[in-house]
Amino acid sequence: MRRTIITLLVAVGVTLGTAGPAVAAPAAPAPPAPPPGSGIVWGACSSPSLQQARAECGFLKVPLDHAKPAGKKIEIAVSRVRHTVPQAQYQGVVLVNPGGPGGPGLGLSRLGSAVPKNAGAAYDWIGFDPRGVGTSRPALSCDPDYGGYARPDYRPENGAEKAWLPRAKAYARACGKAGGELLAHLRTEDTVRDMDLIRQALGAKQINYYGFSYGTMLGQVYATMFPDKVRRMVLDGVVDPRDWWYRANLNQDVAFQRNIETFFDWVAKNDATYHLGTTGDAVEKRFYDLAAEFRKAPLGGRIGSSEWTDIFLRAGYNVGEYTSVADAFVAGTKKDAAKLKAAYDQAGSPTDDNNYAVYLATQCTDAPFPHDWATWKRDNTATDRKAPFETWGNAWYNAPCRDWPVKPGPAPKVAGTLLTGPLLISETYDGATPYEGALQARRTFPGSSLVEGVGGHTHSSSLSGIACTDDTVADYLLTGALPKRTGGDRSDRQCPPLPPPSPAAAGG
């Protein structure tokens, strides 16, 4: 799974959804006080946005190795925005995760304000940086310069194997040196156990949960390991629980190919604004021509073909990124090095080494990757024939898993033992977590319901202003009501997708 972190924190600014009057909810008793010594010491948050939301922040000590609960401890950074409804309408805590692996979630305690019908007001919203991430202590970083500039070209015909194989191996070695004891304890199951310790520290008998992208896998595993501790669960951008993780990357490549071609078509449709070609094929050719040019001579000595490709990956995730990526495209034609560097720097991982390091530490140890390079070469060559945009970039992104210094464990189990839920959400043409994953989760959890953004190309698009989807989330959080489960292997409620934006002002 390459970079399955969403830009949700921008949205929670809060421009999404309209909070209406409070709707009566079933009364729920206040949670009991946490056991002595097991709670979180709450204090002021350092983040201005969390301060504005009147959030509280603190740390929870958890075992480095959950098999040794009395052993060495690490600290998980936690934030909380409290409920604002009368106590009789209080519905408990909601833990939130933005995805990744490696995505910081401390700021997501602000998410409740984006839920319509004032449904978020009935909960305490709990953000947290997973172990190894962000402000949790310690945080993992292996080589801060690895995601830097003018990196080798991704394509095998341009010498990628010779350049990237030793590079990826060196990164894995750097993680072994930097990670210490922590590196062996960054599996999905470790974070899931931390989530349950957060529950206990909050004195909650059960949690509610809202997970995006990789966060949906955390939710599925939590529901499997602690089914009696789940009250309500929303999973948006659903990861296929059968794909740990090598096969998931290959599936992702094909989905991103479709999405980038959709973006090129959109640019062509708006040629009056961008002047990059009047057909999708013409725009695509312009993209690859510039990639070849930047491979030979990185723009400003920094933006080569790999950085150029990574800038465009954002359009494969979210149609809301179309205008910013198209603007970067125009900047590339004008050889505006400063604008392209800014676009690459804003693209996230791999420029964020903490994100990238934890991403690998989780995926490389959740389940085995093939060690034999011949297997990688065969599979990626076959996928590249139909999906050339992202296949090799994704392969090299995950290649350190071949030489990862920690032995992988067996893949976590996912079983549908919940009586009701989760509420599943996916757009039809999600690139990062293809729609089949949502269907498989629906099969796995017979009490679940699936909301489909029909024909959409955006990853994790709930709480983005689409009333059909967002009101379904609100009603579920308020009352526990799920869309009626339909027959067949299909979605249970069909909603409009997130629409592409209007093009930018003339001239890009």
Side-chain angles (χ1 to χ4, degrees), residues 30-43 45 55-82 92-98 100-109 123-140 181-211 214-233 358 361-362 365-366 409 412-414 417-418:
S38 67
I40 301 164
V41 178
W42 297 104
C45 299
E56 307 166 284
C57 290
F59 289 91
L60 175 66
K61 291 184 178 181
V62 301
L64 170 67
D65 183 352
H66 283 287
K68 300 176 181 177
K72 185 175 181 179
K73 299 294 191 292
I74 59 176
E75 293 183 304
I76 306 300
V78 185
S79 68
R80 175 173 64 182
V81 173
R82 288 181 177 270
V93 301
V94 185
L95 272 64
V96 192
N97 181 273
L106 195 69
L108 281 182
S109 57
Y123 295 88
D124 292 342
W125 290 81
I126 310 299
F128 67 100
D129 287 347
R131 56 172 54 208
V133 176
T135 55
S136 288
R137 301 186 292 226
L140 178 65
E181 295 177 279
L182 177 66
L183 203 65
H185 303 288
L186 290 170
R187 287 168 47 85
T188 291
E189 290 172 327
D190 291 310
T191 296
V192 165
R193 292 188 184 280
D194 292 342
M195 289 165 56
D196 199 58
L197 291 180
I198 293 173
R199 175 193 65 78
Q200 294 177 43
L202 294 170
K205 291 183 178 180
Q206 293 180 309
I207 65 165
N208 305 279
Y209 179 75
Y210 206 130
Y214 165 73
T216 68
M217 187 59 84
L218 290 175
Q220 291 179 74
V221 175
Y222 187 93
T224 301
M225 294 174 64
F226 304 103
D228 60 325
K229 305 304 181 186
V230 176
R231 183 173 179 267
R232 294 173 188 163
M233 182 173 282
V358 177
T362 300
T365 58
D366 266 348
K413 302 293 184 182
V414 172
T417 52
L418 295 182

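Excluded from the calculations below are hydrogen atoms, water molecules and symmetry mates; all remaining heavy atoms, backbone and side chain alike, are included.
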Reported CE-to-CG distance for the pair Met233 and Leu418, which is rounded to 0.5 angstrom: 6.5 Å
Non-hydrogen atoms of Pro412 and Val221 that approach each other most closely: CB-CG2, 4.1 Å
Partners passing salt bridge (Lys or Arg N to Asp or Glu O under 4.0 Å) against Lys72 (at least two apart in sequence or in another chain): Glu181
Thr224: partners by side-chain hydrogen bond (donor to acceptor under 3.5 Å, both in side chains), with sequence neighbours left out: none
Any residue meeting salt bridge (Lys or Arg N to Asp or Glu O under 4.0 Å) with Arg80, in chain and number order, not counting sequence neighbours: Glu56
side-chain hydrogen bond (donor to acceptor under 3.5 Å, both in side chains) against Asn97, all qualifying residues, sequence neighbours excluded: none
Donor-acceptor pair, side chain of Arg131 and main chain of Leu64, under 3.5 angstrom: yes
Side chains of Ile74 and Pro138 in contact at under 4.5 Å (non-hydrogen atoms): yes
side-chain hydrogen bond (donor to acceptor under 3.5 Å, both in side chains) involving Gln206 - partner list, sequence neighbours excluded: none
Non-hydrogen side-chain atoms of His66 and Leu197 separated by less than 4.5 Å: yes
Separation between CG of Asp194 and CG of Leu60, rounded to the nearest 0.5 Å: 8.0 Å
Intermediate values then yes/no, side-chain contact (heavy atoms from CB on, under 4.5 Å), Asp196 and Met225: CA-CA 10 Å; Asp196 199 58; Met225 294 174 64; over 6 Å; no
Ion pair Asp190/Arg193, N-O distance below 4.0 Å: no
Set of residues satisfying side-chain contact (heavy atoms from CB on, under 4.5 Å) with respect to Ser136, sequence neighbours excluded: Ile76, Ala77, Asp129
Residue pair Leu182 / Gly132: nearest heavy atoms and the distance that separates them: CD2-CA, 4.1 Å
Minimum-distance pair of heavy atoms, taken over all atoms of Thr417 and Ala223: OG1-O, 3.5 Å
Close side-chain approach of Val94 and Ile126, heavy atoms under 4.5 Å: no
Side-chain heavy-atom pair Val358, Pro130 within 4.5 angstrom cut-off: no
Residue list, salt bridge (Lys or Arg N to Asp or Glu O under 4.0 Å) with Glu189, at least two apart or on another chain: Arg187
Audit row: Tyr222, Ile207, side-chain contact (heavy atoms from CB on, under 4.5 Å) steps and yes/no: CA-CA 10 Å; Tyr222 187 93; Ile207 65 165; 3.7 Å; yes
With Phe59 via ring-ring contact (aromatic ring centres under 6.0 Å, His included) - residues at least two apart: none
Intermediate values then yes/no, side-chain contact (heavy atoms from CB on, under 4.5 Å), Trp42 and Val78: CA-CA 9 Å; Trp42 297 104; Val78 185; 3.7 Å; yes
Whether Lys73 side chain and Gly71 backbone form a donor-acceptor pair below 3.5 Å: yes
Nearest-0.5 Å distance, NZ of residue Lys205 to CZ of residue Arg231: 13.0 Å
Results of ring-ring contact (aromatic ring centres under 6.0 Å, His included) for Tyr209 - residues two or more places apart only: none
side-chain hydrogen bond (donor to acceptor under 3.5 Å, both in side chains) partners for Ser79, two or more places apart: Ser109
Nearest-0.5 Å distance that lies between atom CG in Leu95 and atom CH2 in Trp125: 10.5 Å
Main-chain N/O of Val93 paired with Asn208 side-chain donor or acceptor, under 3.5 Å: yes
CG on Leu202 to CG on Asp124, rounded to 0.5 Å: 8.0 Å
